[in-house]
Amino acid sequence: MTFTTEDLQRLVAAIAEDIAAARDQLCELDGAIGDGDHGLAMDAGCQAAAKAVGELDAEIAPTAAFNVAAKAFLNAVGASSGPLYATAFMRAGAAAKDKQVLSDDDFLRVFAAMAQGIQERGKAEPGEKTMVDAWKPAADAALDAWQSGKPLPQCFEAAERAARAGCEATSSMMAAKGRASRLGDRVIGHIDPGAASALIIIAAMAKFAQHHDG
Amino acid sequence: MTFTTEDLQRLVAAIAEDIAAARDQLCELDGAIGDGDHGLAMDAGCQAAAKAVGELDAEIAPTAAFNVAAKAFLNAVGASSGPLYATAFMRAGAAAKDKQVLSDDDFLRVFAAMAQGIQERGKAEPGEKTMVDAWKPAADAALDAWQSGKPLPQCFEAAERAARAGCEATSSMMAAKGRASRLGDRVIGHIDPGAASALIIIAAMAKFAQHHDG
Amino acid sequence: MKKFMNTAETMVAESVEGFVRAHEAFVVFGPERKCIRRRHLTLGKVALISGGGAGHEPMHIGFVGHGMLDAACVGHIFTSPTPSQIITAIEEADTGAGCLLVVKNYDGDLMNFEMAIEMAGDHHSLDMVVVSDDIETSRTGEGRGRRGVAGTLIVEKILGAAAERGMPLAELKQLGEGLNTRIRSMGVALNGGTVPQTERMTFALGPDEMEMGVGIHGEPGHARQPFTTSDAIIGHLCETIAGDIAAAPGTKALLFVNGLGGTPPAELYLSYNSARRFIEEKAIPVERSLVGTYVTSLDMQGLSVTLALLTDEEIVLWDAPVATAALHWGGIP
Amino acid sequence: MKKFMNTAETMVAESVEGFVRAHEAFVVFGPERKCIRRRHLTLGKVALISGGGAGHEPMHIGFVGHGMLDAACVGHIFTSPTPSQIITAIEEADTGAGCLLVVKNYDGDLMNFEMAIEMAGDHHSLDMVVVSDDIETSRTGEGRGRRGVAGTLIVEKILGAAAERGMPLAELKQLGEGLNTRIRSMGVALNGGTVPQTERMTFALGPDEMEMGVGIHGEPGHARQPFTTSDAIIGHLCETIAGDIAAAPGTKALLFVNGLGGTPPAELYLSYNSARRFIEEKAIPVERSLVGTYVTSLDMQGLSVTLALLTDEEIVLWDAPVATAALHWGGIP
Ligand SMILES: Nc1ncnc2c1ncn2[C@@H]1O[C@H](COP(=O)(O)OP(=O)(O)O)[C@@H](O)[C@H]1O
Ligand SMILES: Nc1ncnc2c1ncn2[C@@H]1O[C@H](COP(=O)(O)OP(=O)(O)O)[C@@H](O)[C@H]1O
Ligand SMILES: [Mg+2]
Ligand SMILES: [Mg+2]
Ligand SMILES: [Mg+2]
Ligand SMILES: [Mg+2]
């Protein structure tokens with residue numbers, strides 16, 4: 001398979017759609033252990049990214065599209081998720097550098113770079129009850145599957161499965177990053193909102209890889 | 001009859017006692033059309049006056065006793081009633097000037113001077129829903145009775161009757177002085193607290209004149 | 001009732017003590033704590049003195065300092081200080097040129113200040129300016145006229161600057177009285193204040209009600225109305241105050257939005273934004289502004305809008321340096 | 001919910017516009033209103049920039065002016081400004097000597113400021129000081145450490161004075177970091193604040209409850225306790241903050257009682273009086289004081305107490321003239 005900027009436009013639009021559908025639920029999760037705005041922030045960021053990327057000329061290179069997404073997300077959101085996802089998109093852009101079309105391999109490296117970017121920006125380790133608990137295992141699982149020769153859709157299936165497990169695992173974690181880190185054991189029993197939205201994004205990417213036949 | 005400083009000490013103590021008994025009721029009246037502190041203010045003022053006058057050497061002249069009462073009342077109370085009654089006592093002192101003992105005639109002039117002092121200090125006319133509506137008719141009635149040859153106890157009976165009528169009449173008045181003057185016709189149906197406490201004081205003076213046999 | 005206090009009886013004394021300690025660099029207590037005065041007085045300057053009930057903080061003690069008051073007296077909550085307190089302030093602050101007493105227009109305050117003047121007048125040159133800026137009470141057309149509210153700050157600031165420049169007593173009084181005719185205020189409350197002694201709200205409003213035309217002692221206003229947008233509320237206040245003073249040609253407006261105690265700065269600035277728009281729509285040029293919590297009614301949620309029409313000379317006096325706890329400006333390049 | 005506002009969506013923008021109009025003599029909007037800056041910048045001085053979510057007014061915009069900040073950015077309520085806003089502030093305020101960004105210690109703020117530095121760092125000398133004065137979050141011993149709250153004012157004032165005197169960027173950062181280790185704050189709420197967007201209180205307290213250890217975003221504190229006297233409440237706050245920093249010999253205390261939005265000045269002064277007593281009982285000499293509503297959490301009823309242990313040099317910087325909307329002193333004889 002290969003991925004063009006046009007494909008990416010559809011992907012970002014699909015992500016934005018799924019996040020929009022989960023907006024209230026994400027706010028509710030954030031209301032329990034944060035400040036209740038995660039759904040609003042993610043929705044605003046994804047809509048802005050989808051709009052900005054959607055308006056691009058399809059001839060533009062993927063790297064530029066990712067950078068446009070980063071900037072749009074960043075300007076739309078002042079919350080923690082703003083810099084985290086803006087960094088993810090910027091690293092995606094760097095990973096896609098100099099390519100006009102992305103191969104499966106490129107696409108996986110883009111995915112891994114996003115996870116890496118989030119982790120570097122937030123300085124969070126797995127187990128600290130953040131979106132990293134979804135992103136990091138997902139990226140690791142996808143790379144593992146790729147290295148053992150699985151085709152891209154199956155790599156993303158593995159990623160989605162790992163993200164779901166990671167997301168669910170946050171429920172029993174204490175928080176060591178973000179607003180929730182100030183609540184001590186009051187956070188036990190609550191899923192991290194950032195991990196929940198990460199799962200939605202990763203699932204959208206998996207679906208996209210599934211149905212994509214470039 | 002004659003009145004010594006010792007008599008005045010008993011009179012002020014009697015006034016203070018009656019006002020103390022009416023404290024809550026006066027606050028309630030003031031709560032309806034004022035700021036609810038009239039009972040506290042009158043109680044504090046009268047207690048202070050009674051204490052200060054009570055501590056005086058009985059040899060001291062009545063004029064000095066009235067001035068002591070004025071000062072004590074004034075220092076104890078910052079409300080409207082402070083300057084009003086302090087002025088009343090100061091004028092009483094002036095009316096008793098140079099006497100070591102007060103005659104009935106002196107005592108009546110003291111009473112009239114108190115009413116006069118209150119009116120001058122507050123610049124209120126009868127009909128403006130203030131304590132003047134009790135004091136002015138009371139003083140007028142006492143002087144009238146005196147001029148038509150009535151003995152002092154009967155003069156004060158007349159004064160008390162007039163004060164009571166004046167006090168009750170405030171209920172149907174609009175207020176043109178004091179806090180109540182800002183409430184428009186919301187004050188109709190409420191007795192003026194200052195008129196109510198004035199009645200108590202005048203009644204205490206009448207009782208005193210009644211039982212006094214100097 | 002939840003307030004930061006120990007006992008209702010000691011609340012005022014403890015709060016004033018805290019004030020003096022926090023600002024000990026430039027204020028001190030007078031004898032027996034009957035008044036608060038500047039630490040350093042200026043010889044031969046007319047002393048500006050004010051006072052009133054507690055519950056309006058930072059007024060008046062927060063206005064003691066260079067360029068404003070020389071001394072201030074604090075009474076019980078919503079109660080005038082006594083003549084004895086006022087006389088102490090006079091004795092403390094008079095350095096030879098006499099004292100001007102700035103009094104808010106309430107019977108209780110007036111009578112207590114008048115008595116103080118009578119009692120101390122033999123030994124001091126004394127005079128009085130009565131501030132009556134509240135629009136509301138002019139409506140009843142009765143009594144001793146309008147109440148004195150937030151506009152008092154403006155009178156005290158401008159007279160303070162004039163006194164600092166050496167203006168004599170009689171002229172100061174004249175300046176104050178002229179000024180008073182060109183200041184109007186009106187207040188609105190979203191909730192009453194709670195009086196510590198009674199633990200009761202001065203008035204209680206429903207979740208969708210507001211009280212229009214309130215004063216600063218928890219007196220009810222002239223109407224209870226449904227709560228609405230700040231544009232509608234502030235529009236009504238501005239309409240009323242601007243309608244009550246004719247903008248003489250050449251006068252310039254000072255627009256002052258004052259918090260009544262429980263309203264946060266962000267809402268005051270938002271309300272100022274509305275007010276500025278409404279006043280300017282009336283072709284009244286707003287040349288100076290003040291926004292903040294200066295003249296309060298305990299913890300009342302609400303605000304007042306004050307419009308003052310000033311001459312050029314008064315603007316200069318408004319701009320002159322002032323260094324008090326609550327107002328402080330000027331003197332920095 | 002009763003607030004002075006028109007719509008929840010426009011509330012922050014209208015309030016900030018009101019602020020700029022009220023203080024137009026010395027502040028202006030940056031391009032697209034992305035930041036607010038001093039009207040007149042000083043060439044060659046390190047620019048001090050800060051910013052944070054709305055809902056904390058007057059912080060930070062109220063600290064823009066001579067002797068303190070050069071520019072500030074306002075985010076949505078309780079939300080960091082975006083890197084794009086911060087970069088605009090940098091571009092507006094940098095006059096050649098670089099910029100120091102003062103950031104309160106929250107993941108969201110940190111990441112947005114860090115990104116701004118990365119994105120603008122090629123064209124400007126930039127550095128950052130992180131303020132983390134809140135006692136509470138040090139308790140959990142986790143996360144990125146303590147939150148930044150009212151102590152931020154002290155850091156911005158002292159760094160502002162140092163920058164005004166020409167201190168270069170690296171030294172300023174060092175000064176700020178040293179200072180941050182000697183400032184501790186703790187807050188208490190009698191009631192939550194109400195967020196305009198949700199019309200909900202951040203937390204609701206019963207008539208006899210208080211929340212100990214609150215921050216400035218309506219986060220719950222470490223314990224809900226029965227409401228009690230100010231001596232007991234303030235005593236506990238002082239005990240905790242004073243217990244968390246060792247008073248090095250020669251340092252002098254600045255004691256700061258800060259209102260959280262809905263608490264009137266009289267209660268703040270009363271609380272200061274308690275605090276002053278408790279701190280002095282610990283043989284910590286209180287040399288400077290600040291009492292007022294400076295760092296808020298919307299209309300929250302409550303306060304925080306901040307203790308800063310300052311060197312002689314820092315005291316001099318604290319005393320240096322400042323001329324902002326919220327803090328103003330010095331320069332008057
Ligand atoms: N340092 C961090 N590293 C990674 N993720 C973080 C970090 N801080 C917060 N997050 C994530 O951000 C989510 C909250 O995002 P959001 O609600 O948009 O921001 P805010 O907390 O500023 O309101 C958390 O649930 C968590 O997953
Ligand atoms: N100008 C005045 N002249 C005469 N009496 C007055 C005047 N103003 C107020 N009063 C009287 O004072 C009473 C209120 O007294 P009080 O409650 O002690 O004072 P305050 O109104 O200052 O709280 C009123 O009921 C009225 O009778
Ligand atoms: Mg959030
Ligand atoms: Mg947020
Ligand atoms: Mg009363
Ligand atoms: Mg009273």
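Chain identifiers are assigned alphabetically (A, B, ...) following the order of the sequence lines, protein sequences preceding nucleic acid strands; residue numbering begins at 1 within each chain. Predicted, not measured: the structure shown is a model, and the values here were computed from it.
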So for C:Glu118, is it side chain, backbone, both, or neither that comes closer than 4.5 Å to the heavy atoms of chain B? side chain

Within 6.0 Å of CD in C:Glu177, more than 12 heavy atoms from elsewhere: yes

Measuring from B:Arg179:CZ to C:Asp107:CG, what's the distance to the nearest 0.5 Å? 8.5 Å

C:Gln225 atom CD: more than 12 heavy-atom contacts under 6.0 Å: yes

Evaluate whether atom NE2 of C:His76 has more than 12 neighbouring non-hydrogen atoms of other residues, nucleotides or ligands under 6.0 angstrom away. no

Does C:Lys173 have more than 12 heavy atoms from other residues, nucleotides or ligands lying within 6.0 Å of its NZ? yes

C:Met119 and B:Lys71, any side-chain heavy atoms less than 4.5 Å apart: no

NE2 on C:His217 to CG on B:Asp35, rounded to 0.5 Å: 8.0 Å

Nearest 0.5 Å, please: how far is CG in C:Asp109 from OG in B:Ser80? 8.0 Å

Counting heavy atoms not belonging to B:Glu28, are there more than 12 under 6.0 Å from its CD? no

Hey, what do you get for CE (C:Met111) to NZ (B:Lys123), rounding to the nearest 0.5 Å? 9.0 Å

Gap separating the CE atom of C:Met115 from the CZ atom of B:Arg121, nearest 0.5 angstrom: 4.5 Å

If you compare all heavy atoms of C:Asn112 against all heavy atoms of B:Val77, which two are closest, and at what distance to 0.1 Å? OD1-O, 4.2 Å

What option among B:Asn75, B:Asp37, B:Thr87, B:Leu40 has the most heavy-atom pairs under 4.5 Å with chain C? B:Asn75

